[in-house]
2 protein chains.
Amino acid sequence: MSNSSLKSIAKNLSLSVSTVSRALNDYKDISQNTKKLVNETVVELGYQPNIFAQRLASGNPECLGFVIPWRDGQLNDPFLGELMTGMSTALTEIGWDLTVLVAKSFENEVELFKKLSISKNLSGLIISRTLRNDKRFKILTDLKIPFVAHGRSLNCSSSSWLDVDNERAFYDMTKHFISLGHRKIAHICGPKVYNFSMQRIEGWKKALFETGIQIKSDFLQVADLSFDGGKIAMDKLLKLKEFPTAVSCVSDTVAMGAMQSIRNHNLSPGKEISLMGYDGLELGAWIDPPLSTMTQPIQTVGKDLAEMLVNLVKDKKKPSSLQKLVRANFLRRGTDNSPMTTF
Amino acid sequence: MSNSSLKSIAKNLSLSVSTVSRALNDYKDISQNTKKLVNETVVELGYQPNIFAQRLASGNPECLGFVIPWRDGQLNDPFLGELMTGMSTALTEIGWDLTVLVAKSFENEVELFKKLSISKNLSGLIISRTLRNDKRFKILTDLKIPFVAHGRSLNCSSSSWLDVDNERAFYDMTKHFISLGHRKIAHICGPKVYNFSMQRIEGWKKALFETGIQIKSDFLQVADLSFDGGKIAMDKLLKLKEFPTAVSCVSDTVAMGAMQSIRNHNLSPGKEISLMGYDGLELGAWIDPPLSTMTQPIQTVGKDLAEMLVNLVKDKKKPSSLQKLVRANFLRRGTDNSPMTTF
DNA sequence: ATCTTCAACGAAAACGCTTTCGGAGTCAAA
DNA sequence: TTTGACTCCGAAAGCGTTTTCGTTGAAGAT
């Protein structure tokens with residue numbers, strides 16, 4: 001029946017439990033023949049290992065924890081599902097589990113880390129939403145909890161991380177505006193506590209600098225990562241004596257807010273003022289004109305994150321040897337155009 | 001140090017391991033005094049139980065699996081994060097874990113169920129995206145896997161589920177249009193394989209029937225649950241000799257598509273044609289005019305789902321005794337208005 | 001024939017906890 | 001004094017694996 005244990009297989013083949021176990025784990029002191037027999041019996045009996053016994057005996061939880069980003073109450077990350085699907089895909093291949101953790105606050109998160117470091121219920125963690133100066137890198141390192149960060153921080157050089165090349169993305173975006181003929185290019189950035197905010201500012205600055213365009217401090221506006229944030233920031237830009245003709249926005253959500261502000265001023269996004277967002281949100285295509293943006297392959301990122309953590313835990317690689325930069329891709333829709341000559 | 005085990009506590013108090021264990025589990029054959037001592041030592045030594053040992057010994061995984069909905073490749077459920085946060089919140093309170101499962105297809109999902117029924121690695125499952133005639137209810141019941149469904153099905157009477165009162169919601173929505181003066185009210189529904197599609201149709205029909213408004217079959221359009229789906233469906237409605245003046249849409253996404261169609265026909269959403277969506281997507285507020293819709297308290301739903309499953313597993317309640325209907329709430333924004341008299 | 005080598009397996013301890021069972025001790029009733 | 005009931009605790013088995021170590025038998029070398 002569903003009598004599923006090593007013992008039943010052992011009895012079935014007149015072998016010992018330990019032999020069966022080692023056969024399944026591909027030990028080299030088990031003959032090929034025996035391994036074949038065992039594997040056949042496994043499928044025949046529909047054996048499924050008891051992971052709790054495995055984990056207790058081996059000492060390895062084979063279980064990865066994903067810390068859901070809390071970002072002050074509102075978490076409506078549209079990529080969460082895809083990200084976790086990517087992780088799960090990579091993990092199920094090797095029989096690991098994905099469990100989710102929710103931290104309500106920073107203190108709560110740290111407390112959670114401490115418990116984990118004692119209980120050792122998880123092989124490692126994946127954290128996201130990294131800050132410019134993210135204390136979690138040091139805390140987790142000190143607690144000796146293996147982890148991979150989705151996003152970098154100032155002090156991440158000896159840790160393992162995967163990040164988009166934010167600087168490159170916004171460098172490219174700005175260069176793109178320049179090649180379209182724009183010279184007055186503003187940037188609406190996110191709160192500077194986030195590392196990606198700073199990186200994106202850098203990219204924007206670098207492109208302007210390289211082209212010899214003077215960087216006007218008025219053309220850099222900080223915004224909350226929300227629709228309203230984008231609207232307010234754009235309002236400010238439109239109060240300047242001299243408008244920008246193009247605006248690179250830190251996110252699609254912010255760009256949508258900016259577009260509404262533009263319309264409120266009786267201007268047309270993509271005409272008088274070009275703009276681009278970032279994230280590749282589907283809904284950007286639903287509005288008129290559809291928002292140009294940049295995307296990243298989220299599912300792949302999730303898979304990579306999981307695989308990196310497994311490398312860290314299983315193959316005991318050095319964290320600093322596992323760092324990966326992925327590139328964002330242009331998704332031109334309707335809001336990146338040449339500046340109007342009449343304007 | 002981090003020498004954290006029952007044994008260390010036992011040694012510390014000159015008690016036996018079994019006494020400590022029973023003290024922690026609040027057995028009644030342990031004196032109050034001993035319990036107090038044990039609990040104090042626990043916090044003093046910072047003891048964290050080894051969940052794998054616990055689960056192996058007790059036989060209860062204390063672990064809940066959430067099956068991420070696959071819906072043909074694209075899964076961008078904006079509520080996923082909130083839903084899981086709700087679940088996790090309820091579970092951490094009682095020390096349970098939440099692990100996620102991804103099924104790539106229906107066959108894949110069934111295979112996964114079968115494995116689970118043997119390995120018993122999970123205490124139970126939460127499934128979502130239920131179909132009108134969802135085979136999973138019978139499969140899981142037959143496999144004796146405890147589960148709670150987020151959403152109903154035709155054959156769910158003896159199972160445990162939590163669902164929104166879809167019929168009520170769309171009944172209310174339609175009645176609302178009627179009270180605004182509309183008489184020509186169409187409905188764009190989702191694919192009829194989904195149970196909620198049928199329920200929402202029912203609600204719409206019921207309100208019309210009650211009011212004595214004849215139900216025109218042309219006024220019911222099936223759409224994919226996407227922006228394009230909504231657009232196409234609305235296009236069809238606008239090809240009719242006689243337009244509807246109000247349209248109730250199965251989802252916000254579909255409603256957004258419908259709005260674009262309306263604009264493409266040089267009409268104004270909320271003026272010539274009122275419409276409402278469903279889901280309460282934030283982005284509905286970002287467009288002009290902002291989309292009226294209906295919402296449900298997702299985090300609470302997640303928490304309830306988890307608690308129901310715990311009741312099912314721990315307190316061994318009958319599945320049919322755990323069924324819960326929650327109500328959706330109006331979120332009036334800008335697209336539900338009285339019909340234009342001049343139209 | 002003896003000794004070594006090696007492949008292939010079994011025995012048994014260990015992982016850290018739960019749970020059953022029995023026993024020691026106390027106290028009151030007979 | 002004996003009996004019974006009751007409280008509180010310890011011993012020990014067990015959960016299903018993994019992993020170390022020792023053993024067996026056969027093959028090859030001398």
Side-chain angles (χ1 to χ4, degrees), chain A residues 1-39 41-42 45-63 95-97 118-123 314, chain B residues 2-39 41-42 45-63 95-97 115 118-123 314:
Chain A
M1 279 316 184
S2 75
N3 188 5
S4 171
S5 68
L6 284 192
K7 210 193 287 184
S8 61
I9 297 181
K11 200 178 294 176
N12 206 292
L13 291 173
S14 301
L15 286 174
S16 76
V17 169
S18 65
T19 301
V20 175
S21 169
R22 279 173 304 162
L24 286 174
N25 290 335
D26 207 24
Y27 274 55
K28 47 188 171 300
D29 66 345
I30 302 292
S31 72
Q32 290 303 322
N33 190 31
T34 307
K35 284 181 186 172
K36 216 185 77 183
L37 282 173
V38 168
N39 282 313
T41 314
V42 160
L45 297 185
Y47 164 77
Q48 290 293 128
N50 181 312
I51 50 171
F52 302 119
Q54 281 183 329
R55 290 167 183 178
L56 175 58
S58 71
N60 187 356
E62 299 199 337
C63 198
W96 284 38
D97 278 352
I118 300 177
S119 69
K120 305 199 192 318
N121 289 338
L122 259 35
S123 303
K314 215 172 170 186
Chain B
S2 77
N3 189 5
S4 172
S5 67
L6 283 191
K7 210 195 286 184
S8 62
I9 297 181
K11 201 178 293 176
N12 207 291
L13 290 173
S14 302
L15 286 174
S16 75
V17 170
S18 65
T19 301
V20 175
S21 168
R22 278 172 304 163
L24 287 174
N25 291 335
D26 207 23
Y27 274 56
K28 46 188 170 298
D29 65 345
I30 302 290
S31 72
Q32 291 303 324
N33 191 33
T34 306
K35 286 182 186 172
K36 215 186 77 185
L37 282 174
V38 168
N39 282 315
T41 314
V42 159
L45 297 186
Y47 164 76
Q48 289 292 127
N50 180 313
I51 50 171
F52 303 118
Q54 279 184 330
R55 289 165 183 180
L56 175 59
S58 71
N60 185 357
E62 300 199 335
C63 198
W96 285 38
D97 277 351
K115 277 188 187 169
I118 300 177
S119 69
K120 305 198 192 316
N121 289 337
L122 260 34
S123 302
K314 215 171 168 185

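Quick note on labels: first sequence line is chain A, next is B, and so on, each numbered from 1. Side chains included, hydrogens not; waters and symmetry mates left out as well; all remaining heavy atoms used.
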Q: Do A:Tyr47 and B:Ile118 touch side chain to side chain, with heavy atoms closer than 4.5 Å?
A: no
Q: Give, for atom CZ of A:Phe52 and atom CG of B:Asn50, the distance between the pair rounded to the nearest 0.5 Å.
A: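 Here the rounded value is 11.0 Å.
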Q: Between atom CD1 in B:Ile30 and atom P in C:dT18, what is the gap in whole Å?
A: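 Checked: the CD1 to P distance equals 12 Å.
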Q: Between A:Ser21 (side chain) and A:Val17 (backbone), is there a donor-acceptor pair under 3.5 Å?
A: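 Here the side-chain-to-backbone pair does not exist.
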Q: Answer with base, sugar-phosphate or nothing: what part of the nucleic acid does A:Ser119 contact at a heavy-atom distance below 4.0 Å?
A: nothing
Q: For A:Ser119, enumerate each residue passing the side chain to side chain contact (heavy atoms under 4.5 Å, CB included) test, keeping only those at least two apart in sequence or located in another chain.
A: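 In terms of side chain to side chain contact (heavy atoms under 4.5 Å, CB included), with neighbours along the sequence ignored, A:Ser119 is linked to A:Leu116, A:Asn121, B:Gln48.
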Q: With A:Asp29, which residues qualify under side chain to side chain contact (heavy atoms under 4.5 Å, CB included), at least two apart?
A: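 Applying side chain to side chain contact (heavy atoms under 4.5 Å, CB included) to A:Asp29 gives A:Arg22, A:Tyr27.
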Q: Using atom types as modelled and distance alone, determine if a side-chain donor or acceptor of A:Asn39 lies under 3.5 Å from a backbone N or O of A:Lys35.
A: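 A pair under 3.5 Å: yes.
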Q: Which whole-number value in Å describes the distance from A:Lys28 NZ to C:dA8 P?
A: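 It is 13 Å, rounded to the nearest whole Å.
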Q: Taking any atom under 4.0 angstrom from a heavy atom of chain B, which nucleotides of DNA chain D are the first and last to qualify, 5' to 3'?
A: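 The contacted stretch runs from D:dC8 to D:dG16.
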Q: So which protein nitrogen or oxygen atoms get under 3.5 Å of nucleotides 19-28 of chain C's nitrogens or oxygens?
A:
unit_1 : atom_1 : unit_2  : atom_2 : d
C:dT19 : OP2    : B:Tyr27 : OH     : 2.8

Q: My understanding is that only residues two or more places apart in sequence, or in another chain, count here; which of them pass side-chain hydrogen bond (donor to acceptor under 3.5 Å, both in side chains) with B:Thr41?
A: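 B:Thr41 satisfies side-chain hydrogen bond (donor to acceptor under 3.5 Å, both in side chains) with no other residue.
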Q: Atom NZ of B:Lys11 to atom P of C:dG16: distance rounded to whole Å?
A: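 Going from B:Lys11 (NZ) to C:dG16 (P), I get 12 Å.
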Q: Within this structure, what is the CG-to-P distance between A:Leu6 and C:dG10, rounded to whole angstrom?
A: 13 Å
Q: What pairs meet the salt bridge (charged side-chain N to carboxylate O under 4.0 Å, His left out) rule with one or both residues in residues 46-59 of chain B, with sequence neighbours excluded?
A: B:Arg55-B:Asp97
Q: For B:Ser16, what residues pass the side chain to side chain contact (heavy atoms under 4.5 Å, CB included) criterion, not counting sequence neighbours?
A: B:Ser18, B:Thr19
Q: How bent is the helix from C:dA1-D:dT30 to C:dA30-D:dT1, comparing axes over its five end pairs at each side, to the nearest 10°?
A: 60°
Q: Quickly work out the A:Lys120 NZ to C:dG16 C1' distance and round it to whole Å.
A: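 Taking NZ of A:Lys120 and C1' of C:dG16, I get 14 Å after rounding.
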Q: Residues of residues 46-56 of chain A with any non-hydrogen atom less than 4.0 angstrom from an atom of DNA chain C: list those, numerically ordered, please.
A: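 When residues 46-56 of chain A is checked for heavy atoms under 4.0 Å from DNA chain C, the hits, listed by number, are A:Leu56.
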Q: NZ of A:Lys35 versus C1' of C:dC9: gap in Å, rounded?
A: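 After rounding, the gap between these two atoms is 13 Å.
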Q: Got a sec, which residues hit side chain to side chain contact (heavy atoms under 4.5 Å, CB included) with B:Lys36, two or more places apart in sequence or on another chain?
A: B:Glu40
Q: Report the distance from atom OG1 of B:Thr34 to atom CD of B:Gln32, rounding to the nearest 0.5 Å.
A: 9.0 Å
Q: Would you please name every residue forming a side-chain hydrogen bond (donor to acceptor under 3.5 Å, both in side chains) with A:Asn60, sequence neighbours left out?
A: A:Ser123
Q: Please name all residues satisfying side-chain hydrogen bond (donor to acceptor under 3.5 Å, both in side chains) with B:Asn25, sequence neighbours left out, ordered by chain then number.
A: none
